[in-house]
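These numbers come from the heavy atoms of this one structure, side chains and all, not from hydrogens, waters or symmetry mates. Sequence lines set the chain letters: A, B, ... in the order given, protein chains first and strands last, and positions in each chain run from 1.
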Amino acid sequence: MTEPIRVRFAPSPTGFLHVGGVRTAMFDWLFARHNGGTFILRIEDTDITRKVEGAVEYLMEGLKWLGLDWDEGPDMGGDYGPYYQSQRLDLYKQAAERLVEQGDAYCCYCASERLDAMRKEQVARKQPPGYDRLCRNLSLQERAAKEAAGIKPVVRFKVPTEGQTSFHDIIYGDVVFENSNIDDFVMLKSDGYPTYHLANVVDDHAMKISHVIRGEEWISSVPRHLFIYKALGYQPPLYVHHPLLVGPDRAKLSKRHGDVSLLEYRDQGYLPETMFNFIALIGWSLDDKTELMTRRQLIDTFSLERIGKTGAIFNREKLDWMNGVYIRSLAIDDLTQRALPFLDKGLPESVKRPLNAGYVKQVMPLIQERAKKLTEIPELVKFFFIEELNYDPALLIAKNMTREATLKALEVSLQRMKQLSSFDEGALETLLRPLAEELGLKAGQLFSVLRTAVTGETATPPLFQTMVVLGKDRCLKRIDEAIAELKKLSS
RNA sequence: GGCGCAUUCGUCUAGCGGCCUAGGACGCGUCCCUCUCAAGGACGAGAUCACGGGUUCGAAUCCCGUAUGCGCUACCA
């Protein structure tokens with residue numbers, strides 16, 4: 001390998017970073033990092049009608065969240081800048097002019113209304129739609145007349161009408177196209193902005209991009225790019241097209257499928273480690289069984305050749321499982337820090353802020369293996385924080401128990417627990433287990449009654465651990481309240 | 001319509017001519033553990049490898065055709 005490896009992620013700033021784009025960026029990044037190459041961020045803002053304010057910042061925020069750092073880009077510069085295409089207009093203009101002078105391109109004055117009508121007719125006649133090359137051989141006089149009329153032209157490439165164009169794709173292999181199926185495409189728009197075809201060729205060459213990694217949707221455009229490379233006398237890069245991420249209907253993933261924005265996943269409580277691992281594994285695999293991989297392992301083992309060829313559906317259930325795995329692997333301090341913002345947002349307003357991080361840290365071990373997403377944590381730990389429990393007292397009565405038996409269980413438990421000198425797990429266990437027997441109950445029945453009394457929930461972390469974190473006073477108070485509520489309940 | 005690409009359990013995938021009566025994971029079911037919920041463990045159901053022809057002693061793996069799906073077919077990327 002003589003040429004240094006340089007790859008680029010080139011999104012257009014149209015609003016948000018979706019997981020499909022992220023996957024492309026990850027393949028770029030992993031490939032660059034694996035080979036000690038350079039990862040470049042380039043903003044393809046050549047469509048002024050689709051530009052969205054703040055989109056670039058949003059994009060960068062998403063990449064940073066995943067840990068995809070770039071070596072050259074709009075915010076940090078580099079030797080091949082600027083990295084906004086809108087700031088490179090002269091380059092495209094010069095290239096277009098040169099191609100026109102060479103006779104490889106020409107100005108086209110056709111009105112878009114005419115082109116639309118033409119296409120409609122072609123489709124109606126079941127002809128392949130494409131530009132009819134009306135302006136390809138305009139005489140000097142005709143051109144002058146159009147210019148005089150003030151028509152702003154576009155520049156079209158003069159595509160050869162016969163022959164074939166082929167290229168080798170690292171993932172898809174050899175692909176061949178008939179030139180006769182390709183029309184004279186627009187390179188430079190009438191507003192002076194380039195189309196993707198021109199801009200990507202000019203920039204990839206100027207930025208010395210070695211491998212173009214992008215979605216399969218671009219395969220059909222490669223011949224156009226090759227024509228430009230050839231006409232300009234440039235060496236084309238290596239092509240790596242990867243299959244698309246698709247929705248449940250198997251169509252290319254897009255906004256209408258919902259839940260496609262990377263940062264939404266962050267807000268829904270997924271960890272960046274999860275997203276990184278999971279997205280890398282859609283369409284790429286190391287072998288027949290490795291699934292859980294750290295960023296380091298991914299970098300070390302990544303190769304373009306192991307990217308598959310078929311579009312993949314984003315499997316939410318598996319994502320949830322994987323996120324659970326990562327949550328469980330977190331150190332308690334780490335989990336605490338990550339959970340805090342979600343608790344702040346998700347706990348009832350009645351809970352005093354700021355939250356006590358020390359206390360949060362005490363409850364985290366109890367729910368760590370029960371949360372699949374950070375957003376689920378507030379609901380899981382709510383009873384540790386609120387003052388007034390609010391539940392249906394009928395829930396206190398455990399399976400195969402009467403109201404009276406429940407009442408008695410609560411009252412006796414309260415008395416005995418009051419006498420406990422040390423309120424720890426062991427003490428509770430040695431008190432409560434024999435007590436169940438004494439009351440003629442199964443341990444599960446007693447625990448179930450107490451669980452509801454103390455938490456207001458029927459599914460919680462282990463009872464004794466929960467009680468310890470809650471503290472003796474609060475437990476006794478809640479049992480007392482439960483007794484009162486149960487008494488009010490008519491049997 | 002034209003051109004291009006793809007096609008292995010519901011989903012993500014392994015497989016690059018014999019190791020495949022097709023392996024793993026998620027999800028699902030049963031059981032174990034167990035104070036509930038999880039987590040964990042065990043077991044199981046689930047794919048005639050889209051279909052039809054070849055090639056070969058032998059094909060999920062190679063070739064051809066068909067079907068289906070997706071992509072492109074803009075002065076969008």
Side-chain angles (χ1 to χ4, degrees), chain A residues 10-12 14 44-47 49-50 108 110 112 115-116 119 122-131 152-156 169 171-173 175-178 180-183 185-191 193-197 199-200 214-223 241 243-244 246 248-252 278 281-292 308-322 324-325 328 366-372 380 398 429 432-433 436 442-452 455 457-464:
Chain A
S12 53
T14 54
E44 309 232 326
D45 54 348
T46 57
D47 185 354
T49 63
R50 298 208 307 168
C108 167
C110 294
S112 49
L115 297 174
D116 288 343
R119 263 190 294 271
Q122 287 166 332
V123 172
R125 279 189 295 150
K126 300 200 170 180
Q127 301 277 311
Y131 181 56
K152 286 240 186 268
V154 300
V155 177
R156 288 182 185 273
D169 188 276
I171 293 171
Y172 286 98
V175 187
V176 187
F177 294 86
E178 291 291 334
S180 57
N181 289 323
I182 303 165
D183 74 346
F185 59 92
V186 174
M187 296 190 308
L188 203 63
K189 308 178 208 175
S190 53
D191 62 3
Y193 278 72
T195 61
Y196 175 82
H197 304 306
N200 101 87
R214 80 227 309 188
E216 185 199 335
E217 53 198 333
W218 290 109
I219 287 185
S220 326
S221 305
V222 175
H241 291 89
L244 266 15
V246 300
D249 59 355
R250 293 227 157 257
K252 176 162 82 168
F278 189 74
L281 243 40
I282 307 177
W284 180 87
S285 61
L286 173 62
D287 54 30
D288 58 342
K289 43 197 55 148
T290 311
E291 303 227 82
L292 267 3
K309 292 182 183 173
T310 57
I313 296 173
F314 194 88
N315 184 346
R316 279 297 281 261
E317 283 163 342
K318 190 160 182 174
L319 208 220
D320 284 352
W321 160 76
M322 191 177 278
V325 171
R328 271 173 258 138
L366 305 194
I367 55 86
Q368 184 164 29
E369 66 187 30
R370 293 170 174 74
K372 282 199 156 70
L380 251 20
E429 177 113 32
L432 265 12
R433 245 179 231 285
K442 286 184 177 164
Q445 289 177 305
L446 209 218
F447 297 168
S448 165
V449 171
L450 291 171
R451 164 176 291 109
T452 308
T455 67
E457 307 282 340
T458 53
T460 74
L463 221 213
F464 308 138

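- Remark: the separation of the P atoms in rC57(B) and rG10(B) is 35 Å, to the nearest Å.
- Among the nucleotides rA25(B), rC35(B), rG71(B), the one closest to any side-chain atom of Leu244(A) is rG71(B).
- A parallel orientation is assigned to the rings of Tyr196(A) and Trp218(A), their planes being inclined by less than 30° (bins at 30° and 60°).
- For rC35(B), its base never sits under 3.5 Å from the side chain of Ser448(A) at any donor and acceptor pair.
- Across rU61(B) and rG15(B), the matching P atoms stand 15 Å from one another, rounded to whole Å.
- Straight-line distance between the P atoms of rG69(B) and rC64(B): roughly 23 Å, to the nearest whole Å.
- The side chain of Pro462(A) sits closest to rU36(B) out of rA77(B), rU36(B), rC75(B).
- At whole-Å resolution of the value, CG in Asp288(A) and C1' in rA25(B) are 11 Å apart.
- At the phosphate of rA14(B), OP1 or OP2 sits under 4.0 Å from a side-chain N or O atom of Ser285(A).
- rU73(B) and rU11(B): their C1' atoms are spaced 31 Å apart (whole Å).
- Atom CZ in Phe314(A) sits about 18 Å away from atom C1' in rG10(B), given to the nearest Å.
- Across all strands, Asp287(A) comes closer than 4.0 Å only to sugar-phosphate atoms, never to a base (heavy-atom distances).
- The distance between atom CG of Asp320(A) and atom C1' of rA25(B), rounded to the nearest whole Å, is 15 Å.
- Closest to the Val154(A) side chain, of the nucleotides rG71(B), rC75(B), rG4(B), is rC75(B).
- Regarding contacts with the backbone of rC26(B), every side-chain N or O of Lys289(A) stays at 4.0 angstrom or more from both OP1 and OP2.
- Heavy atoms of Thr310(A) sit under 4.0 angstrom from primed sugar atoms or phosphate atoms, though from no base atom.
- Checking the phosphate oxygens (OP1, OP2) of rC75(B), a side-chain nitrogen or oxygen of Arg156(A) falls inside 4.0 Å.
- Each of Phe177(A) and Thr195(A) has a nearest nucleotide on RNA chain B; the 5'-most of these lies closest to Phe177(A).
- Using a 4.0 Å heavy-atom distance criterion, Arg119(A) is classed as a sugar-phosphate-only contact.
- Following rounding to the nearest Å, Lys309(A) (NZ) and rC12(B) (C1') show an atom-to-atom distance of 18 Å.
- Looking at heavy-atom distances under 4.0 Å, Ala312(A) makes contact with sugar-phosphate atoms alone, never a base.
- Look at Arg370(A) and you won't find any side-chain N or O under 4.0 angstrom from OP1 or OP2 of rG40(B).
- Side-chain N/O atoms of Arg316(A) include none lying less than 4.0 angstrom from OP1 or OP2 on rU11(B).
- For a distance-only test at 3.5 Å, the side chain of Arg451(A) qualifies as a donor-acceptor partner of the base of rC35(B).
- When the side-chain nitrogen and oxygen atoms of Arg328(A) are compared with OP1 and OP2 of rG40(B), one or more of them lie within a distance under 4.0 Å.
- Remark: P of rG10(B) and CG of Asp249(A) are 18 Å apart, rounded to the nearest angstrom.
- Using C1' as the reference atom, rG44(B) and rC51(B) are 31 Å apart when rounded to the nearest Å.
- Here the separation of rG27(B) from rC75(B), taken at their P atoms, is 48 Å to the nearest Å.
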Between side-chain atoms of residues 308-315 of chain A and protein atoms elsewhere (two or more places apart, or another chain), which donor-acceptor pairs fall under 3.5 Å?
| unit_1 | atom_1 | unit_2 | atom_2 | d |
| --- | --- | --- | --- | --- |
| Asn315(A) | OD1 | Glu317(A) | N | 3.1 |
| Asn315(A) | OD1 | Lys318(A) | N | 3.3 |

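- Within the nucleic acid shown, Thr452(A) has no heavy atom closer than 4.0 Å to any nucleic acid atom.
- Nearest nucleotide to the Lys372(A) side chain, out of rA39(B), rC72(B), rC5(B): rA39(B).
- Nucleotides rG53(B) and rC12(B) are separated by 32 Å at their C1' atoms, to the nearest Å.
- Asp287(A) meets the side chain to side chain donor-acceptor pair (under 3.5 Å) test with Thr290(A); sequence neighbours excluded.
- Rounded to whole Å, atom C1' of rG10(B) lies 9 Å from atom CD1 of Ile313(A).
- Contact of the Asp47(A) side chain with the Tyr193(A) side chain is not registered, since no non-hydrogen atoms from C-beta on lie closer than 4.5 Å.
- In this structure rC31(B) sits in a base pair with rG41(B), meeting the Watson-Crick or G-U test at under 3.5 Å.
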Review point. Going 5' to 3' along nucleotides 60-65 of chain B, which nucleotides have protein heavy atoms under 4.0 Å from the base (write B), which only from the sugar-phosphate (write S), and which from neither (write -)?
Key: ------

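- Straight-line distance from the OH atom of Tyr196(A) to the P atom of rU73(B): 12 Å, rounded to whole Å.
- Taking atom P in both rA47(B) and rG23(B), one finds a spacing of 12 Å when rounded to whole Å.
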